[in-house]
Amino acid sequence: MTRPESIRVSGGNRLYGEVAVLGAKNAVLKHMVAAMLAPGDHVLENVPTIADVATMGEVLAYAGATCRRDGTSLHIHVPEHPRPEAPLELVRKMRASILILGALLSRCGEARVALPGGDDFGSRPIDMHLDGLRDMGATFELKHGVLEAQAPDGLHGTEIYLEFPSVGATENLLLAAAMASGTSVISNAAREPELTDLAVYLNKMGAKIEGAGTSTITVRGVGSLAAATHRVVPDRLEAGTYALAGAISAGEVRVLDCVPDHLRMELRKMEVAGCEVTHGEDWIHVVGPERPEPVDFATLPYPGFHTDMHPQMVAFLALADGTSIITENVYAARFRYVGELNRMGADIQTDGQHVVVRGTDRLSGCEVDGCDIRAAAALVLAGLAAEGETCVVHADHIDRGYAGFVDKMASLGAQITRE
Ligand code: UD1
């Protein structure tokens with residue numbers, strides 16, 4: 001049996017220096033799907049070399065498009081007649097593949113997309129995606145694990161009220177509404193910056209979208225869209241992870257090419273924990289405390305504390321001088337990393353969606369399982385501050401969301417290697 005990929009980190013070095021981030025994973029994946037709405041040649045700029053972009057490239061290739069990389073630019077050629085299908089092996093590999101449903105339905109009047117199952121975060125339903133598309137005139141039938149969608153008369157604009165501001169559902173509906181007949185109004189829409197960036201790209205393609213970044217998005221459907229060029233918004237999760245790497249190592253790190261405003265809540269909580277945080281328009285400078293103060297926080301849709309920064313922040317607070325209480329409001333089952341941090345000597349208990357972190361003054365390195373992207377990142381951060389060596393296995397999860405992670409950490413002075 002081949003051993004899983006692992007990252008080894010030896011604790012004790014204070015990180016120091018500058019690190020630049022690229023475009024957001026959670027934006028570029030959706031932009032790639034959006035490209036399917038218009039035939040021709042699109043260019044996405046500031047695209048990170050991460051595994052999820054490659055997987056979405058496979059999803060697009062299956063539908064008949066071609067993707068070609070040129071440095072950090074991604075050239076996408078979309079055919080006149082895409083194949084309206086996404087197979088199970090790709091949807092399983094990456095749940096964001098489900099986003100292609102709205103785009104293909106809109107473009108082809110039909111789509112066959114395998115239904116994703118559960119994952120480490122629980123069952124992750126897509127009921128809101130489907131309810132909204134149904135309201136726009138789509139019908140669905142589940143046949144042998146494949147969702148067969150039809151909209152023979154095309155999709156039509158309508159008013160949709162989401163019961164939760166789901167990022168994926170808002171995006172799927174936005175993609176479907178861009179070329180639907182009439183006007184769509186999405187209320188209680190997600191307000192994430194990546195979604196706002198998607199609307200900017202769609203508008204460059206000729207869509208008529210207003211209100212992205214607020215809770216009410218209005219989309220006036222247009223007959224057709226045209227290929228466009230777009231620079232992807234910086235990755236706030238990558239930026240936040242490096243800022244916390246500086247903080248947990250009691251070091252001093254400057255993150256470049258980011259949007260500090262997209263991390264307002266996370267940076268505020270880091271300040272309460274004792275970090276010195278300064279920022280300009282596109283950089284963040286963090287000086288970590290010798291030992292963090294405890295901080296309570298609750299994850300919430302944007303502009304609340306991002307659920308994808310929760311494990312990294314808990315790793316930091318595991319070393320606090322006191323007890324922090326965290327409430328996870330987005331993914332009730334996002335706690336597999338807790339047991340791994342406890343193996344390193346953390347004192348963390350979960351109760352339902354709550355996490356009680358009793359700070360300890362030392363962590364000790366060992367082998368831990370990086371069970372998802374952010375869990376793996378959190379465990380590497382813990383390893384930076386732990387005594388001895390930490391080996392994060394299943395580190396390939398890191399590759400899904402962080403380009404050049406080990407090299408960037410090493411450039412800041414971390415003792416880190418990949419096996
Ligand atoms: C996206 C991000 C993910 C991030 C999350 C929240 C991508 C590829 N992924 O995921 O990294 O953690 O936003 O910021 O961009 N839900 C339902 N029914 C639905 C849809 C969602 O019950 O139809 C639930 C989910 O199970 C979850 C919550 O709503 O508990 C939030 O999900 P959602 O905002 O849709 O997240 P994703 O788009 O899947």
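Note that ligands are numbered from 1 as they come in the structure, with each ligand's atoms numbered from 1 the same way.
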For residues 298-318, which residue pairs qualify under ring pair (Phe, Tyr, Trp, His ring centres under 6.0 Å), counting only residues two or more places apart or in two chains?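 Passing the test, one end in residues 298-318: Phe297-Phe305, His310-Phe335, His310-Tyr337.
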
Counting heavy atoms only, name the option from Ala27, Ser166, Gly132, Ser97 that's nearest to atom 35 (O) of ligand 1.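 When every heavy atom of Ala27, Ser166, Gly132, Ser97 is considered, Ser166 comes closest to atom 35 (O) of ligand 1.
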
[X] and [Y]: side chain donor to acceptor below 3.5 Å:
X	Y	result
Glu210	Thr218	no
Asp372	His397	no
Asn329	Gln353	yes
Glu159	Ser187	no
Tyr402	Arg374	yes

Counting from 1, what ligand 1 atoms have a heavy atom of [X] closer than 4.0 Å?
X	result
Lys30	7 (C), 8 (C), 15 (O)
Asp308	3 (C), 4 (C), 11 (O), 12 (O)
Phe164	28 (C), 29 (O), 31 (C)
Val330	27 (C), 28 (C), 30 (O), 31 (C)
Ile126	19 (C), 23 (O)
Thr307	6 (C), 12 (O)
Gly168	35 (O), 38 (O)

I'd like to know whether ligand 1 has Arg95 as a neighbour, heavy-atom separation below 4.0 Å.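 No.
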
Looking at ligand 1, would Glu194 count as a contact under a 4.0 Å heavy-atom criterion?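 Glu194: no contact with ligand 1 (<4.0 Å).
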
Mind checking whether [X] has an N or O less than 3.5 Å away from an N or O of ligand 1?
X	answer
Lys25	no
Met128	yes
Leu29	no
Ala169	no

Under 4.0 Å between a side-chain nitrogen and a carboxylate oxygen: does that hold for Arg236 and Glu194?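 Salt bridge present between Arg236 and Glu194.
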
From Val232, Val167, Leu175, Ile100, residue fulfilling side chain to side chain contact (heavy atoms under 4.5 Å, CB included) relative to Lys30: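 Checked Val232, Val167, Leu175, Ile100 against Lys30; only one passes side chain to side chain contact (heavy atoms under 4.5 Å, CB included): Val167.
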
Among all residues two or more places apart in sequence or in another chain, which pass the side chain to side chain contact (heavy atoms under 4.5 Å, CB included) test with Ala177?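 Per chain and number, Ala177 pairs via side chain to side chain contact (heavy atoms under 4.5 Å, CB included) with Met136, Ser184, Val219.
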
